[in-house]
2 protein chains.
Amino acid sequence: MNIGQAAEASGVSAKMIRYYEEIGLIAPPARTGNNYRVYDGGQVHVLRFIKRARSLGFSLEETETLLKLWADKSRTSAAVKDVATSHIDDLERRIAEMQGMVNTLKHLAHCCGGDHRPDCPILDDLAGDSAAKG
Amino acid sequence: MNIGQAAEASGVSAKMIRYYEEIGLIAPPARTGNNYRVYDGGQVHVLRFIKRARSLGFSLEETETLLKLWADKSRTSAAVKDVATSHIDDLERRIAEMQGMVNTLKHLAHCCGGDHRPDCPILDDLAGDSAAKG
DNA sequence: GTAGGCCTTCCCATTATGGGAAGGTCAAGG
DNA sequence: CCTTGACCTTCCCATAATGGGAAGGCCTAC
């Protein structure tokens with residue numbers, strides 16, 4: 001299977017497959033006589049794993065940890081759960097931060113006429129004008 | 001006022017102040033004979049504005065738009081509100097995406113024993129094992 | 001034999017920020 | 001007068017993950 005077919009089968013772009021190989025996330029595949037990379041079902045399975053981990057927001061570094069745990073038959077589920085829960089914490093922290101921004105922005109937008117006049121509580125807030133309406 | 005003092009007064013690092021100047025977000029300040037940048041209260045006000053916009057999650061590009069609107073006395077509040085609301089939409093999209101990850105991960109983590117045994121529904125899910133418990 | 005569709009490597013760009021080196025300037029204090 | 005320290009300057013590099021694109025090799029079909 002060529003890299004294009006592996007990309008198709010895994011949902012990971014050929015560009016990214018090469019990159020993952022370069023950074024050591026996946027093992028270098030065999031090469032044909034013409035120097036083409038060849039992949040088998042096992043490699044594609046790994047790529048799918050990576051794709052799924054990425055879609056859940058795991059960084060490539062975390063993904064590497066998960067891949068190693070996956071390969072390690074003597075792992076403990078506790079080790080995997082640790083990776084997952086700290087990622088959850090991270091996501092929740094970021095969500096809270098962004099939600100705070102949204103709350104502030106919605107308040108400001110609510111107070112903004114959104115009309116033809118120049119007066120704008122949003123700009124007033126950004127400008128540090130504590131006399132901003134609302 | 002030197003760049004260090006402007007950084008102190010605005011909460012924007014000296015490094016970032018130089019960068020904002022380099023990308024044209026702020027105007028190049030005056031220089032002293034020894035080639036030091038000098039800032040006045042007006043420039044610091046702009047830096048504070050940027051700082052506040054960044055803290056609300058606006059990109060530097062959006063911040064530039066907001067700075068121009070701020071400077072434009074004939075702006076309409078509608079134009080400002082447009083920038084804000086599309087940023088709110090963007091944040092909410094990202095929050096929803098991350099919340100989806102959290103929901104999935106919490107479910108998987110809940111189903112994971114987190115003990116000394118190797119069996120792990122989290123890895124099963126990542127591996128695409130549709131027989132994953134839960 | 002040539003055109004198209006793969007593949008290869010290499011370089012560049014993105015976003016916003018920080019680290020650090022090499023060197024200039026200035027003020028204080030010995 | 002010289003040193004020390006705290007500034008400042010510019011320049012280069014690194015981050016995370018991904019895509020774009022060029023230049024060139026290989027193979028298959030027509």
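We use all heavy atoms of the structure for the numbers below, so side chains are in, but hydrogens, waters and symmetry mates are not. Proteins get letters first, then strands, A, B, ... in listed order; numbering begins at 1 in each.
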Practice problem: Take B/Asp115 and A/Thr76 through the side chain to side chain contact (heavy atoms under 4.5 Å, CB included) test and state the conclusion after the steps. | Solution: CA-CA 6 Å; B/Asp115 53 32; A/Thr76 65; over 6 Å; no
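- Phosphate proximity of C/dT17 to B/Tyr20: present, with a side-chain N or O under 4.0 Å from OP1 or OP2.
- Scored by the salt bridge (charged side-chain N to carboxylate O under 4.0 Å, His left out) test, B/Glu62 finds no partners at all (sequence neighbours excluded).
- If you check every strand for non-hydrogen atoms under 4.0 Å, A/Arg18 touches a base.
- Annotation: salt bridge (charged side-chain N to carboxylate O under 4.0 Å, His left out) contacts of A/Asp90 (sequence neighbours excluded): A/Arg93, A/Arg94.
- Between the CD1 atom of B/Ile3 and the P atom of D/dT10 there is a distance of 9 Å, given to the nearest Å.
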Exercise. Would you check, one step at a time, whether the test side chain to side chain contact (heavy atoms under 4.5 Å, CB included) holds for B/Leu123 with A/Arg75?
Key: CA-CA 11 Å; B/Leu123 289 180; A/Arg75 72 191 166 243; 3.3 Å; yes
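- Residue B/Arg37 has a polar side-chain atom (N or O) positioned under 4.0 Å from OP1 or OP2 of D/dT9.
- Where the helix from C/dG1-D/dC30 to C/dG30-D/dC1 starts and where it ends, the local axes point in directions that differ by 40°; five pairs per end, rounded to 10°.
- For the contact set between residues 49-65 of chain B and DNA chain C, defined by any heavy atom under 4.0 Å, the members are B/Arg54, B/Ser59, B/Leu60.
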Look for any protein N or O under 3.5 Å of an N or O in nucleotides 19-26 of chain D and output each such pair with its distance, or none.
unit_1	atom_1	unit_2	atom_2	d
D/dG19	OP2	A/Ser13	OG	3.1
D/dG20	N7	A/Lys15	NZ	2.7
D/dG20	O6	A/Lys15	NZ	2.7
D/dG21	N7	A/Lys15	NZ	3.4
D/dG21	O6	A/Lys15	NZ	2.5
D/dG25	N2	A/Tyr36	OH	2.8

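- Considering every non-hydrogen atom in both B/Ser77 and A/Gly114, the closest pair reads OG-N, 3.1 Å.
- Residues forming a side-chain contact (heavy atoms from CB on, under 4.5 Å) with A/Ser74 (at least two apart in sequence, or on another chain): A/Asp72.
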Can I get a per-line list of side-chain donor-acceptor pairs under 3.5 Å for residues 43-58 of chain B, giving both atom names and the distance, sequence neighbours left out?
unit_1	atom_1	unit_2	atom_2	d
B/His45	NE2	A/Ala127	O	2.7
B/Arg48	NH2	B/Ala9	O	2.9
B/Lys51	NZ	B/Gly11	O	2.9
B/Arg52	NE	A/Asp125	OD1	2.7
B/Arg52	NH2	A/Asp125	OD1	3.1
B/Arg52	NH2	A/Asp125	OD2	3.2
B/Arg54	NH1	B/Phe58	O	2.6
B/Ser55	OG	B/Arg52	O	2.8

Identify the pairs formed between an N or O of the protein and an N or O of nucleotides 28-30 of chain D at a distance under 3.5 Å, and give each distance.
none

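- Residues that satisfy the side-chain contact (heavy atoms from CB on, under 4.5 Å) test with A/Ser86, not counting sequence neighbours, are absent from this structure.
- The separation between A/Asn2 atom CG and D/dC27 atom P is 11 Å, rounded to whole Å.
- Taken to the nearest 0.5 Å, the CD1 atom of B/Ile3 stands 13.0 Å off from the CD atom of B/Glu8.
- With salt bridges taken as basic N to acidic carboxylate O contacts below 4.0 Å, none links B/Asp119 and B/Arg117.
- Remark: A/Glu61 CD is loosely packed, at most 12 non-hydrogen atoms of other residues, nucleotides or ligands lying under 6.0 Å away.
- In this structure, OH of A/Tyr19 is placed 18 Å from P of C/dT8, rounded to the nearest angstrom.
- Note on B/Arg31: every side-chain N or O is 4.0 Å or more away from OP1 and OP2 of C/dG24.
- B/Asn34 meets the side-chain contact (heavy atoms from CB on, under 4.5 Å) test with B/Thr32, B/Tyr36; sequence neighbours excluded.
- Residues forming a side-chain contact (heavy atoms from CB on, under 4.5 Å) with B/Gln5 (at least two apart in sequence, or on another chain): B/Met1, B/Asn2.
- Separating the CE atom of A/Met1 from the P atom of C/dC6 is a distance of 16 Å, rounded to the nearest angstrom.
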When the side chains of residues 17-28 of chain B are checked against the rest of the protein, which donor-acceptor pairs come out under 3.5 Å, sequence neighbours left out?
unit_1	atom_1	unit_2	atom_2	d
B/Glu21	OE1	B/Arg37	NE	2.7

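- Look at CD on A/Glu22: it is 13 Å from P on D/dA16, rounded to the nearest Å.
- Nucleotide C/dT15 holds its C1' atom 13 Å from the CG atom of B/Leu25, rounded to whole Å.
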